[in-house]
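Following: one structure in structure tokens, then a few remarks.
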Amino acid sequence: MEIPKTYDPKEAEARHYARWEAQGFFAPEINRDTSAPVYSIVIPPPNVTGALHMGHALQHTIMDVLTRYHRMRGYRTLWLPGEDHAGISTQIQVERQLKREGLTRHDLGREKFVARVWQWKEQYGGEIIRQMRREGASVDWSRERFTMDEGLSRAVREFFVRCYEEGLIYHGEGLISWCPKDQTALSDLEVEKEAQAGKLYYLQYPVKGSARRVIVATTRPETMLGDTAVAVNPNDERYSDLIGATLELPLTGREIPVIADEFVDPEFGTGAVKVTPAHDPNDYQMGLRHKLPQVKVIDPYARMTEAAGAEFTGLDRYEAREKVIEKFEGLGLLEKVVDYEFSITKCGRCRTVIEPLLSTQWFLKQAELARAPLELIKEKHEPRFVPEVPYEKVYTNWLENLYDWTLSRQLWWGHRIPAWYDEEGRVYVTRTEEEARAAAGTDKLTQDPDVLDTWFSAALWPVSTLGWPDDTEDLRTFYPTSVLVTARDIIFLWVSRMMMTGMKFMGQKAFADVFITGTIFDKHGQRMSKMKGNGVDPLEMFDRYGVDATRIVLAQIESTDTRWNEKQIESYRNFANKIWNAARFCLLNSEGASVGRGFEGDRASWALHDRWIMSRLNRTAQTVSAAIENYRFHEAVQTLYHFFWDDFCDWYIELSKTDVTATEPSPARDAARSRVLTVLEQALRLLHPFMPFITEELWQRLPGISAAQLHPAYAHAEPTVMLAAYPQGEQSLIDARAEQEVQALIELISRVRNIRSEMNIKPGETVPVIVGAPDENLRAIFAAGVPQIARLARASEVLVQSGINGPRASAHAVLAGGAEVAVPLEGLIDFAVERERLRKEQEKLRREAEKLEAQLANQNFVERAPAEKVEELRQRLADIAQRTSALQQSLEALAE
RNA sequence: GCCCGCUUAGCUCAGUGGUAGAGCGCGCGCUUCACACGCGCGAAGUCGCAGGUUCGAGUCCUGCAGCGGGCACCA
């Protein structure tokens, strides 16, 4: 068989994915065990306009590891893919496209525009979802969903109507965040705050019937045109006599009162605050408290209205600002202007400065929906957040401090609000237009032009994708889902809302666990962003290092924020290559061998290193399974890496080599060959969730592979490692004594290698080795291992005795259990160098012994520490004493 | 202002009260018949600082410093 020396991932990746998909391996129906437990995940639907970035690759890897692991464990497993219609960004994309044709959406009209968006979506959208095939994501494509699908749209209408009927959704006027560019309302979660260097303007307002002036400070002087009061703190003595007084609002001819409100901080600015109820959230609240008039001086395009006065009408808000300042200066009413840094609110999409506007919108009373999830997290700590700190608290805090959610968006792309108005303006909120007509008793209805916030449909994702509001088989089977894997910035926006809808409509939490991934920064610790251009493209990593290497590095990131380190992928590409070559060795020596054989018979009859590798393998399987189930992917990967490289490659293959590479066919040779193949096959299964492609590629090549290797639930399927049973780690095969004994062998070989290296023995040169082991059992182990010791330590001969009485010209090393080893080096050894080497060793032991002795001399320790801990220390001290005395003897033998 | 996280080898990071770890990098030596994307050997850490709890602290508690994040406010 021709097997290249280097693993080339590309070809294998596409081939295996296509086969898995075509064979239906990803669908839960592949599992024929009707009593199997269920494991389900819904993907956080990526934005239909987006492209795959490292954050997605990270989340997808973790979801795929969990999915593949549980599938191999025999769960009825579903990972449901899909995407989000992303209202604003999609609409912006298409409007941009139209602009290049010299058109606006208004030229097309609503219907044609929406058709155009669908066309755009088919042509360019869903890039991330397509790229998931490249990642190896084992999602069930037959259940792929899109938030604008008919089914999901129906779920949205149902949600809306029910909430409306229960009074949770209302239509009314409120002060909302408005984007003057995108011409739509935004929820507080769609805006971003940004520090900005600006100015604080101090304006004087004359007191009516007095020469006195009240000074107010503002960052937005243009809003003074809409002031309807000035507020002071009721306890502020400076102004107490002015409460109830009337001010002459400059430039407007309007008279406004001075009011008292606890909200005002006397320490800040002048202690007097201008109040603009129509254009500031705090002022809006204050306006309601004091029943102040609301004067709208800024329009949806951020231009001044007629109410701002003839001189200002039509001016942009910033032009108006300058003009107001000029006028105040002219009137001698500008007290001063100081530099001032404050934060400014911008549209999360287009970065335009938000204008708080008084506007009629649809709102949802989230606080009521939050009650059930809040109770659940407080009483039962459900869902379980991983890591619990700090996310459980972040989630709880948010649920406790909710405000009404602005649902309506003045866009064309999205779920149209299911509200119709008759000619008198009466509203009918119904599931269909027919119902509205019936309710209104007329056909002359107009539907509300607005659409819903994209997150409204996202909030329903775990239920709507499974068929809600219908009572479907999928919903009954896969809800609640097992885990939600997502980034932390979406906890408020999405996670908590899914919990709200899940509790409301299903009476159950949407997911058992919530795993929050870390953030990947660039190598300088900067957040990756399109604007900075410092993003690392996962596809580029796939091309350069292979998907498997990229995935296993990502899985290890878990929930820790980390800097991207390309060297790390390189080392896992090397790991993939190591796997490839270990398999290559097994396959090149596989004649006469078969997977699953070689470990027949009583375990006691196996060779020591065979008992050892089975112990290591099963221990690894236990650790890895527990680690994956507890979302400790780093631990799982490290364990697998060291099992495969250190235990399997460095030692097991090497210890087996003499048997495996025997030139003459024999039952012993074939059994040894079967054993390495069997261990390899188990290792491939263990690695598969992390490295799906290379494991499948190699697994398919193993001799003796058949459906018999599959988990019983998949016995009917074509052979594939992804449906093999995940090794669980059999306790009876864990053999601490064999591990200890092989450890002794490893120590012996390592000490000889160390001597060779320090004495500058050429690698090609062999040396005799004398082993002294007073312990009979240990001596037997070394004696049985002579051929392996000879091979791995490059020894010309290995003498195993009860003690060492070798030539004076030897290099010595001490081993555990009172054993020692000598390498006779007549003519090669430099006595001074050897003495120095031994003294250093002795010194190290002495320091360790001192520490142990001090601890054991401490009465408190001996009395209070657990007995086994004390015993352990005594053992260690005894071992050190033995080694020290052996070293002493060696030193004496070297004495002049 | 309130809350939270991080600080461990040159770098990126693990670490579960009981002998400080990995990968990369570094030094020395190797075309040893699976693999130079490799093999062998080695050097390298007052675990941010100061207290405390404990027989015992990188790990638990308190304070401090530096870095980072979230929330609120910002007239």
Side-chain angles (χ1 to χ4, degrees), chain A residues 3 5-7 193 195 200-203 216-220 223 230-231 263-265 268-276 280 282-283 340-344 387 389-391 393-394 397-398 401 488-489 491-492 519 521 523 525 527 545 549 553 556-558 560-568 570-589 632 634-635 637-638 641-642 649-650 653-654 657 661 749-750 753-758 760-764 791-794 848 851-852 855 858-866 868-870 872-873 876:
Chain A
I3 307 172
K5 284 189 176 190
T6 308
Y7 171 53
K193 299 207 169 158
L200 192 58
Y201 302 87
Y202 287 76
L203 309 178
V216 295
T218 180
T219 55
R220 300 197 61 192
T223 64
V230 163
F263 170 78
V264 180
D265 174 6
F268 193 91
T270 61
V273 186
K274 59 189 276 311
V275 183
T276 324
D280 179 278
N282 291 316
D283 294 4
Y340 184 65
E341 186 174 309
F342 61 104
S343 75
I344 199 159
V389 177
Y391 300 115
K393 204 164 163 185
V394 168
N397 285 349
W398 193 72
N401 297 291
R488 64 167 162 258
D489 50 5
I491 292 178
F492 304 139
T519 306
F521 299 99
K523 63 179 171 185
R527 190 172 280 277
Y545 302 100
V553 167
Q556 290 192 77
I557 290 173
E558 280 182 14
T560 323
D561 288 352
T562 194
R563 296 178 188 210
W564 187 248
N565 178 209
E566 204 164 317
K567 282 282 182 191
Q568 215 189 342
E570 205 177 304
S571 81
Y572 279 90
R573 181 217 36 203
N574 296 351
F575 180 52
N577 197 238
K578 188 73 182 177
I579 297 170
W580 179 260
N581 276 288
R584 183 166 180 265
F585 169 79
C586 298
L587 292 170
L588 291 173
N589 296 287
R632 295 196 307 258
H634 182 91
E635 185 187 351
V637 169
Q638 290 299 310
Y641 185 94
H642 291 292
C649 293
D650 286 354
I653 288 182
E654 295 303 331
K657 235 172 203 172
T661 60
I749 293 163
S750 299
R753 284 172 172 174
N754 172 249
I755 288 171
R756 296 180 53 107
S757 176
E758 301 222 341
N760 293 314
I761 313 289
K762 290 275 161 266
R791 179 185 184 95
L792 300 180
R794 310 215 114 227
E848 216 184 314
K851 261 165 66 182
L852 289 171
Q855 209 171 347
N858 184 340
Q859 275 308 310
N860 275 327
F861 172 71
V862 178
E863 280 162 24
R864 301 198 198 191
E868 69 228 33
K869 188 48 68 182
V870 178
E872 188 189 311
L873 259 58
R876 264 165 51 203

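Just so we're on the same page: letters track the sequence lines, and every chain starts at 1.
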Give the nucleotide from the list C37(B), A36(B), U12(B) with an atom nearest to the side chain of K5(A).
-> A36(B)
Using ring pair (Phe, Tyr, Trp, His ring centres under 6.0 Å) as the criterion, list what pairs up with Y202(A), not counting sequence neighbours.
-> none
Ring pair (Phe, Tyr, Trp, His ring centres under 6.0 Å) with W564(A): which residues, sequence neighbours excluded?
-> none
Heavy atoms under 4.0 Å, any strand shown: does L200(A) hit a base, just sugar-phosphate, or nothing?
-> sugar-phosphate
Nearest to the side chain of I653(A) - G18(B), A34(B), C37(B)?
-> A34(B)
Non-neighbouring partners of E758(A) that pass salt bridge (charged side-chain N to carboxylate O under 4.0 Å, His left out), sequence neighbours left out = none
For N760(A), all residues meeting side chain to side chain contact (heavy atoms under 4.5 Å, CB included), sequence neighbours excluded = none
Just checking T270(A): base, sugar-phosphate only, or nothing, at a heavy-atom cut-off of under 4.0 Å?
-> nothing
Interatomic distance, L792(A) CG vs G40(B) C1' [rounded to whole Å] = 11 Å
When rounded to whole Å, the CD1 to P distance for the pair I3(A) and C35(B) reads 11 Å
A582(A) to I653(A) - nearest heavy-atom pair and separation | CB-CD1, 4.1 Å
Residue list, salt bridge (charged side-chain N to carboxylate O under 4.0 Å, His left out) with E566(A), at least two apart or on another chain | R544(A)
Of the listed nucleotides U16(B), C37(B), A34(B), the one nearest the side chain of E635(A) | U16(B)
Nearest-Å distance for atom pair CG/P, residues N760(A) and G40(B) | 19 Å
Nearest 0.5 Å, what's the CG-CD1 distance between N574(A) and I579(A)?
-> 11.0 Å
Within this structure, what is the CZ-to-P distance between F268(A) and A72(B), rounded to whole angstrom?
-> 17 Å
For the pair Y572(A) and Y545(A), evaluate ring pair (Phe, Tyr, Trp, His ring centres under 6.0 Å) and give the outcome as yes or no after the intermediate values.
-> CA-CA 8 Å; Y572(A) 279 90; Y545(A) 302 100; over 10 Å; no
Atom CD1 of I761(A) to atom P of U32(B): distance rounded to whole Å?
-> 18 Å
Base, sugar-phosphate, or nothing for F521(A), non-hydrogen atoms under 4.0 angstrom?
-> nothing
Backbone of Q568(A) reached by a side-chain donor or acceptor of S571(A) within 3.5 Å = yes
Scoring nucleotides 19-25 of chain B by protein non-hydrogen atoms under 4.0 Å (B base, S sugar-phosphate only, - none) yields BS-SSS-
Side chain to side chain contact (heavy atoms under 4.5 Å, CB included) with N397(A): which residues, sequence neighbours excluded?
-> K393(A), E400(A)
Is the closest basic N to carboxylate O distance between K869(A) and E872(A) below 4.0 Å?
-> yes
Tell me, what's RNA chain B's dot-bracket, Watson-Crick or G-U with both distances under 3.5 Å, | for other-strand, [ ] crossing?
-> (((((((..((((....[..)))).(((((.......))))).....(((((..]....))))))))))))....
Taking side chain as C-beta onward, heavy atoms only, is V216(A) less than 4.5 Å from V273(A)?
-> no
Of the candidates C37(B), C35(B), A34(B), the side chain of F585(A) sits closest to A34(B)
C74(B) OP1/OP2 closer than 4.0 Å to side-chain N/O of N282(A) = yes
Closest of G18(B), A34(B), G40(B) to the A865(A) side chain is G18(B)
Output yes when at least one side-chain N/O atom of K193(A) is less than 4.0 Å from OP1 or OP2 of G70(B), else no.
-> no
Whole-Å gap separating P (C37(B)) and CZ (R573(A)) | 8 Å
Are the side chains of F585(A) and T661(A) in touch, meaning some heavy atoms are under 4.5 Å apart?
-> yes
Checking all strands, does C649(A) fall into the base, sugar-phosphate, or nothing category for heavy-atom contacts under 4.0 angstrom?
-> base
Touch class at under 4.0 angstrom, heavy-atom based, for T219(A) against every strand present = sugar-phosphate
Using a heavy-atom cut-off of under 4.0 Å over every strand shown, decide if T218(A) touches base, sugar-phosphate, or nothing.
-> sugar-phosphate
Could you state the CG-P distance from D561(A) to G69(B), rounded to the nearest angstrom?
-> 10 Å
Picking from U16(B), A34(B), G29(B), which would you name as closest to the side chain of K657(A)?
-> A34(B)
Could you work out the separation of G63(B) and G21(B) based on their C1' atoms and round it to a whole Å?
-> 30 Å
Across all chains, not counting sequence neighbours, the side chain to side chain contact (heavy atoms under 4.5 Å, CB included) partners of T6(A) are N577(A)
Expressed in whole Å, how much space separates the C1' atoms belonging to C6(B) and C64(B)?
-> 16 Å
Write down the protein N/O and nucleotide N/O pairs, taken from nucleotides 41-46 of chain B, whose separation is under 3.5 Å; answer none if there are no such pairs.
| unit_1 | atom_1 | unit_2 | atom_2 | d |
| --- | --- | --- | --- | --- |
| C41(B) | O3' | N754(A) | ND2 | 3.2 |
| C41(B) | O2' | S757(A) | OG | 3.1 |
| G42(B) | OP1 | N754(A) | ND2 | 3.1 |

Picking from G38(B), U12(B), C74(B), which would you name as closest to the side chain of K578(A)?
-> G38(B)
Comparing Q855(A) and A576(A) on RNA chain B - which has the more 5′ nearest nucleotide | Q855(A)
Results of side chain to side chain donor-acceptor pair (under 3.5 Å) for K578(A) - residues two or more places apart only = none
Spacing between R563(A) atom CZ and G69(B) atom P, to the nearest angstrom | 12 Å
Grab the N/O contacts between the protein and nucleotides 2-4 of chain B below 3.5 Å, and write none if there aren't any.
none

Between D280(A) and K274(A), does at least one N-O distance fall below 4.0 Å, as a salt bridge requires?
-> no
